[in-house]
Amino acid sequence: STPTLAPTQPYNPSTSSTDLGTNPHISPTKDFQGGSAKTLYRSVHSQLFVLPDDTIVYPAHDYKGRLRSTIGGEKSSNPRLGGGKSVGEFVKIMADLKLSNPKMLDVAVPANLRCGVPDK
């Protein structure tokens with residue numbers, strides 16, 4: 001099954017923030033095994049974009065030096081998910097990127113899914 005997106009820390013109303021852990025990049029990818037752009041889109045929209053717009057999000061990965069964003073900022077200006085893009089538009093954008101798998105992905109993802117517990 002395809003993993004769904006979930007913040008590693010629940011929404012904290014006192015700080016208006018959530019920690020995204022390894023999900024997603026500020027501009028998300030679907031380059032994990034079994035990744036589904038459609039599932040990623042639905043997860044972001046049903047689990048993150050429902051939070052208040054001023055919610056601060058801290059991505060685990062960003063390659064442009066951005067350390068945080070807000071839900072409202074991502075909803076309006078995320079180049080892949082923002083601006084009211086449909087699931088179909090997002091799927092096409094992601095397919096057109098023709099992303100290659102990161103090195104060691106075939107080792108890292110199964111280990112993460114086992115919570116780091118080695119195979120017996």
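Values reported hereafter were calculated over all heavy atoms of this structure, with side chains retained and with hydrogens, waters and symmetry mates removed. As the structure is a prediction and not an experimental result, all values here were calculated from the model.
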List the atom of Val57, the atom of Thr70, and the distance in Å for their closest heavy-atom pair. CG2-N, 4.1 Å
Run through Val44, Leu48, Asp53, Leu81 and flag the one making a side-chain contact (heavy atoms from CB on, under 4.5 Å) with Lys75. Asp53
Using the rule given for side chain to side chain contact (heavy atoms under 4.5 Å, CB included), can you reason through Phe49 versus Ile71, listing the C-alpha separation, both sets of side-chain angles and the distance that settles it, and then say yes or no? CA-CA 6 Å; Phe49 280 8; Ile71 294 295; 4.3 Å; yes
Answer yes if Leu97 and Leu40 sit in the same cluster of Ile, Leu, Val, Met, Phe, Trp and Tyr residues linked by side chain heavy atoms under 4.5 Å apart, and no otherwise. yes
Nearest 0.5 angstrom please: Ser36 OG to Met94 CE, how far? 10.5 Å
From Thr55 OG1 over to Glu74 CD, what is the distance, rounded to the nearest 0.5 angstrom? 12.0 Å
Apply side chain to side chain contact (heavy atoms under 4.5 Å, CB included) to the pair Lys85 and Ile93, showing each step before the final yes or no. CA-CA 10 Å; Lys85 286 185 181 62; Ile93 288 168; 3.6 Å; yes
